[in-house]
Amino acid sequence: MKIDILLGLQWGDEGKGKVVDLITPNYDIIARFQGGPNAGHSLEFNNIKHVLHIIPSGIFHPEKINIIGNGVVIDPLSFKEEIDKLLEMNIDSTKNLHISSKAHLILPTHRLLDAAQEAAKGKSKIGSTLKGIGPTYTDKIGRNGLRVGDILTPNFIEKYQKLKEQHIFLLNQYEYDYEPALAKCEQDWLDSLNTLKKFNIIESEYEINRYLSEKVSILAEGAQGTLLDVDFGSYPFVTSSNTVAAGVCSGLGVAPSFTGKVVGIVKAYCTRVGSGPFPTELFDETGEMLRKNGHEFGSTTGRPRRCGWLDLVVLKYAIMLNGVTEIVLTKADVLSGFDEIKVCTAYDVNGQIVERVPFDNNASIKPVYQSFKGWKEDITMIKEYGKLPLELRNYIDFIEKETQVKISIVSVGPDRNASINK
Ligand code: GDP
Ligand code: IMO
Ligand code: MG
């Protein structure tokens with residue numbers, strides 16, 4: 001048995017949460033392999049919207065197992081908040097949510113360092129979600145970090161104090177008043193470790209490989225998007241993990257020869273939160289209409305998302321990096337009502353037509369667009385592919401032809417049911 005992978009092919013928020021929830025019935029286990037509470041994965045059923053941050057999006061299917069893998073970074077306090085929200089809905093996840101002992105811990109001082117470092121960057125800030133992601137992965141790679149398994153060791157508090165002292169030394173290098181925030185949250189953070197301890201803390205690499213050998217089916221759920229990958233995104237305006245398919249191997253301990261399908265989630269247009277290049281960004285009323293119709297405000301931070309047309313240069317790059325085998329196209333309904341829909345097919349960089357993402361973040365890029373006729377009808381209740389407006393089907397045909405990848409599902413609304421098999 002091979003592990004299937006689902007991930008975002010743009011700048012995050014493509015609708016991964018909705019699609020994972022939708023296809024969870026096809027799997028026994030859903031596993032997150034990277035990222036942390038910077039993610040906000042929304043899904044909707046029975047008219048209720050749920051937003052998950054590090055809990056995999058299979059959690060609303062009680063018979064399935066969910067795993068938080070070693071590549072994820074966990075803030076115990078925000079984890080407790082997520083667990084408490086589920087409890088309010090009578091969902092007790094202590095039995096079917098397992099956590100890798102090797103996942104790294106986000107300390108309160110990691111969050112404060114994130115804030116201090118962003119503030120120090122001024123205008124060149126990354127636009128981090130300020131969840132402590134960068135500093136936690138920095139400590140991981142720098143071999144200073146603390147892991148979930150450490151909370152079970154007798155001298156954990158000693159280890160915690162030692163790392164905290166190092167962070168305070170660093171925090172003192174910034175003009176940042178961290179003390180009140182630290183005093184406010186530190187005890188809550190320490191108390192929240194008790195919630196973490198209620199869960200099965202496992203050597204997930206052994207468990208996942210055992211499951212695969214027993215023909216148990218697993219879906220790896222990505223967070224962020226390919227253009228936020230620390231190696232391949234628009235560095236430094238990226239997150240601190242490998243969001244691409246390769247991240248599954250290191251983030252769950254699965255060998256490349258055991259990876260299977262790669263489902264790429266693509267929004268029918270583009271959005272980005274935070275700073276960094278976004279060649280097709282629209283600053284006019286069309287961009288405003290995308291934001292309004294698509295409710296494009298961050299699931300984690302509430303920030304307005306930057307909006308623009310679909311970018312095939314970026315999409316083809318993401319398909320190449322991930323070996324995408326099928327695409328799920330989301331938010332097609334948001335394009336209803338536009339007279340004209342555009343797709344970027346290449347970039348004009350100082351008069352040269354290129355089909356690659358330039359290295360230089362400051363390159364002056366003029367998108368080359370192909371124009372499509374829009375449609376007016378509301379498509380949110382349509383259940384059959386053939387009943388979608390011809391203009392949308394033409395748009396979809398064009399994307400398939402250009403990318404050479406099949407679109408398997410078209411999503412036409414946030415609800416689980418608003419999904420059309422193609
Ligand atoms: P994720 O981070 O990739 O899981 O995506 P987010 O949850 O951050 O953002 C996607 C947003 O679009 C959420 O509010 C979803 O409820 C919503 N959504 C997902 N699919 C669709 C769709 O097909 N149509 C519409 N209108 N909304 C969708
Ligand atoms: P999901 O999983 C969209 C962006 C931030 C910022 C950059 C670095 O919901 O798609 P970080 O907090 O990681 O240091 O922020 O990455 N970012 C996301 N944008 N969706 C996400 O996750 C994101 N996670 C991080 O806005 O630009
Ligand atoms: Mg999101």
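For ligands, and for the atoms within them, numbers begin at 1 and follow the listed sequence. All heavy atoms count here, side chains included; hydrogens, waters and symmetry mates do not.
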>> When you compare ligand 2 with S275, is there at least one nitrogen or oxygen pair between them that comes in under 3.5 angstrom?
In response: no

> Taking V266 as the fixed residue, which of I399, V328, L315 is the one that meets the side chain to side chain contact (heavy atoms under 4.5 Å, CB included) rule?
Replying inline: L315

>> Any carboxylate oxygen within less than 4.0 angstrom of a Lys/Arg side-chain nitrogen, looking at E288 and R291?
In response: yes

>> I'd like to know if K80 and D191 make a salt bridge, using a cut-off of under 4.0 Å between side-chain N and carboxylate O.
In response: no

> Quick check: does K16 get an N/O under 3.5 Å from an N/O on ligand 2?
Replying inline: yes

>> Are F372 and W309, when compared by the centres of their aromatic rings, separated by less than 6.0 Å?
In response: no

> Is E296 paired with K267 through a side-chain N to carboxylate O contact shorter than 4.0 Å?
Replying inline: yes

> What is the closest protein heavy atom to atom 16 (O) of ligand 1, and at what distance does it sit?
Replying inline: P414 CB, 3.4 Å

> Is the closest heavy atom of G413 to ligand 1 under 4.0 Å?
Replying inline: yes

> Side chain or backbone of V412 under 4.0 Å from ligand 1, or both, or neither, by non-hydrogen atoms?
Replying inline: backbone

> Where do R111 and K131 land on the side chain to side chain contact (heavy atoms under 4.5 Å, CB included) test, with the steps shown first?
Replying inline: CA-CA 5 Å; R111 289 179 77 132; K131 302 292 179 190; 3.9 Å; yes

> Does the distance from a Lys or Arg side-chain N to an Asp or Glu carboxylate O, for K331 and E14, drop under 4.0 Å?
Replying inline: no

> To the nearest 0.5 Å, what is the distance between CG (N70) and CD1 (I99)?
Replying inline: 13.0 Å

> Considering only protein heavy atoms, which is closest to atom 4 (O) of ligand 1, and at what distance to one decimal place?
Replying inline: G17 N, 2.8 Å

> Quick one: which of N38, L228, T301 has a heavy atom closest to atom 18 (C) of ligand 2?
Replying inline: L228

> Is any NZ, NE, NH1 or NH2 atom of the basic residue among E402 and K316 found under 4.0 Å from an Asp or Glu carboxylate oxygen of the other?
Replying inline: yes

> Which protein non-hydrogen atom lies closest to atom 8 (C) of ligand 2, naming both residue and atom, and how far is it?
Replying inline: V238 O, 3.4 Å

>> Could you identify the single nearest non-hydrogen protein atom to atom 23 (O) of ligand 1 and state the distance to 0.1 Å?
In response: S411 OG, 2.5 Å

> Judged by atom type as modelled, is there a donor-acceptor pair below 3.5 Å linking the side chain of D28 to the main-chain atoms of S217?
Replying inline: yes

> Mind checking whether G225 has a heavy atom under 4.0 Å from ligand 2?
Replying inline: no

> Does some non-hydrogen atom of H50 fall short of 4.0 Å from ligand 1?
Replying inline: no

>> Tell me whether R303 reaches ligand 2 (any heavy atom closer than 4.0 angstrom to a ligand atom).
In response: yes

> To which protein heavy atom is atom 13 (O) of ligand 2 closest, and what is the distance rounded to 0.1 Å?
Replying inline: T239 OG1, 2.6 Å

> Of the protein's non-hydrogen atoms, which lies at the shortest distance from atom 19 (N) of ligand 2, and what is that distance?
Replying inline: V273 CG2, 3.4 Å

> When you check the gap from the basic side-chain N to the acidic O, do K261 and E326 get nearer than 4.0 Å?
Replying inline: yes

> D114 to ligand 2: N or O pair under 3.5 Å?
Replying inline: no

> Based purely on interatomic distance, does D13 place a nitrogen or oxygen under 3.5 Å from a nitrogen or oxygen of ligand 2?
Replying inline: yes

> Is any NZ, NE, NH1 or NH2 atom of the basic residue among E44 and K49 found under 4.0 Å from an Asp or Glu carboxylate oxygen of the other?
Replying inline: no

> Who's the nearest protein heavy-atom neighbour of atom 15 (O) of ligand 2, and how far?
Replying inline: S128 CA, 3.5 Å

> At what distance is the nearest protein heavy atom to atom 12 (O) of ligand 2, and which residue and atom is it?
Replying inline: T129 OG1, 2.5 Å

> How are the rings of W11 and F278 set to each other: parallel, tilted or perpendicular (split at 30° and 60°)?
Replying inline: tilted

> Using heavy atoms and a threshold below 4.0 Å, how should the contact between K131 and ligand 2 be classified: side chain, backbone, both, or neither?
Replying inline: neither

> Among K49, H295, K331, K18, which one has a heavy atom closest to atom 17 (C) of ligand 1?
Replying inline: K331

> Between R272 and ligand 2, which part of the residue brings a heavy atom under 4.0 Å of the ligand: side chain, backbone, both or neither?
Replying inline: neither

>> Going by side chain to side chain contact (heavy atoms under 4.5 Å, CB included), I382 matches just one of I420, D333, V410. Which one?
In response: I420

>> Counting non-hydrogen protein atoms only, what is the nearest one to atom 23 (C) of ligand 2? Give residue, atom name and distance.
In response: Q224 CG, 3.7 Å

> Going by distance only, is there an N or O of G15 that falls short of 3.5 Å from an N or O of ligand 1?
Replying inline: yes

>> Tell me whether K342 forms a cation-pi arrangement with Y369, defined as NZ or CZ under 6.0 Å from the six-membered ring centre and within 45 degrees of its axis.
In response: yes

>> Does ligand 1 come near enough to E44 that some N or O of the ligand is less than 3.5 Å from an N or O of the residue?
In response: no

>> Could you identify the single nearest non-hydrogen protein atom to atom 10 (C) of ligand 1 and state the distance to 0.1 Å?
In response: D13 O, 3.7 Å

> Does ligand 1 have any atom sitting under 4.0 Å from a heavy atom of G40?
Replying inline: yes

> Should the pair R393-D397 be classified as a salt bridge under the 4.0 Å nitrogen-to-oxygen rule?
Replying inline: no

> Just distances here: any N/O of L130 and N/O of ligand 2 closer than 3.5 Å?
Replying inline: no

>> I'd like to know if the side chain of E281 and the backbone of C270 have a donor-acceptor N/O pair within less than 3.5 Å.
In response: no

>> For the Mg ion (ligand 3), which protein N/O/S atoms fall under 2.8 Å? Skip waters.
In response: D13 OD1, G40 O

>> To check your reading of the model: name the closest protein heavy atom to atom 24 (N) of ligand 1, its residue, and the distance in Å.
In response: D333 OD1, 2.8 Å

> Is it true that E384 and K422 make a salt bridge, defined as a side-chain N closer than 4.0 Å to a carboxylate O?
Replying inline: no

>> One pair to check against side chain to side chain contact (heavy atoms under 4.5 Å, CB included): V314 and Y347. What are the steps and the verdict?
In response: CA-CA 10 Å; V314 154; Y347 298 152; 3.5 Å; yes

>> With respect to G40, determine whether any N or O atom, backbone or side chain, lies less than 3.5 Å from an N or O atom of ligand 2.
In response: yes

> For ligand 2, does W11 get within less than 4.0 Å through its side chain, its backbone, both, or neither, judged by non-hydrogen atoms?
Replying inline: backbone

> For atom 15 (C) of ligand 1, what's the nearest protein heavy atom and its distance?
Replying inline: S42 CB, 3.9 Å

>> Can you pull out every ring pair (Phe, Tyr, Trp, His ring centres under 6.0 Å) where at least one residue sits in residues 64-123? Sequence neighbours excluded, please.
In response: F79-F199, H110-H167

